[in-house]
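This report concerns only the one structure given below.
Keep in mind that what you see is a predicted model, and the values were worked out from it rather than measured. Just so you know, ligand 1 is whichever comes first in the structure, and atom 1 is the first atom listed for that ligand.
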Amino acid sequence: MRAMQISPDDPLLLRIVDDLAVKGWSQQNIFLPEALTLELAAECHKRAVEGELAPAAVGRGPAQEIREGIRGDHIQWLEPGQAPICDRYLLLMDSLRLAMNRGLFLGLEEFECHFAMYPPGAFYLKHLDRFRDDDRRMVSAVVYLNQDWLPEHGGQLRMYLKDGVEHDVDPTGGCLVVFLSGEVPHEVLPAHRERLSLTGWFRRRGNEPF
Ligand code: OGA
Ligand code: MN
């Protein structure tokens with residue numbers, strides 16, 4: 001298995017940086033090593049079964065509300081030191097952060113992420129990952145944790161790219177999608193079986209708007 005603390009010069013990371021520079025998004029079908037994917041999936045599933053994931057809210061600050069007609073996933077934010085397997089994932093994402101800072105000069109200082117579980121039937125309508133009053137989120141990164149996902153299971157990430165082009169991604173275990181948070185509208189199509197992921201955002205430092 002690939003060492004978890006990979007160099008920011010790793011060809012895989014350089015490919016992602018290059019894609020972001022050229023087209024504003026990247027898809028890597030084989031990003032997470034399989035063992036890491038399986039352990040993260042088990043951890044996410046366990047937390048879901050134990051009721052640790054809560055219905056996700058829409059908006060931020062005082063305007064936050066739960067609206068299942070907009071998004072139906074259940075989430076739990078990750079904190080460093082909770083579980084070794086999650087820390088390994090955070091280390092990997094930190095290498096990606098450094099690679100992006102070297103190649104794109106984005107000044108990314110933080111990474112926030114959460115487990116997400118879409119129960120059967122759940123979806124997330126078309127949106128941008130940047131809040132109107134808070135532009136700290138620069139790059140969105142989603143890794144999928146689902147074994148044997150078939151197209152008929154639904155749950156695709158649909159990205160709305162330039163010139164009316166739409167691109168769908170099956171949420172297959174180990175796959176990573178990254179995109180510029182302020183530039184790529186996207187949605188999650190209804191999933192017909194439980195859909196697990198880790199979704200995160202690389203942020204510049206800035207002041208809390210409230
Ligand atoms: C999100 C989101 C995409 C996905 O959580 O903001 O758009 O494929 N997730 O899970
Ligand atoms: Mn999103």
- Task: Assess the side chains of D129 and H186: does a donor N or O sit below 3.5 Å from an acceptor N or O?
- Result: yes

- Around the Mn ion (ligand 2), what protein N, O or S atoms are found below 2.8 Å? H127 NE2, D129 OD1, H186 NE2

- Query: So, E109 and R204, do they make that salt bridge, N to O below 4.0 Å?
  - Reply: no

- Would you call D18 and R15 a salt bridge, taking side-chain N to carboxylate O under 4.0 Å as the test? no

- Task: Give me the other members of the hydrophobic cluster that Y118 sits in, counting Ile, Leu, Val, Met, Phe, Trp and Tyr linked by side-chain heavy atoms under 4.5 Å, directly or via other members.
- Result: V58, I70, Y124, V188

- Applying the side-chain contact (heavy atoms from CB on, under 4.5 Å) test to W25, which of V169, L180, L161, V178 qualifies? L161

- Item | Under 4.0 Å from ligand 1 - residues by heavy atom, chain and number | Y124, H127, D129, V142, Y144, L157, H186, V188, R195, T199, W201

- Message: Distance alone, cut at 3.5 Å: any donor-acceptor contact between the side chains of D19 and S26?
- Response: yes

- Side chains of S140 and W201: donor-acceptor distance under 3.5 Å anywhere? yes

- Does a salt bridge link D9 with R102, judged by any charged N lying under 4.0 Å from a carboxylate O? yes

- Residues passing the ring-ring contact (aromatic ring centres under 6.0 Å, His included) test with F202, sequence neighbours excluded, are F111

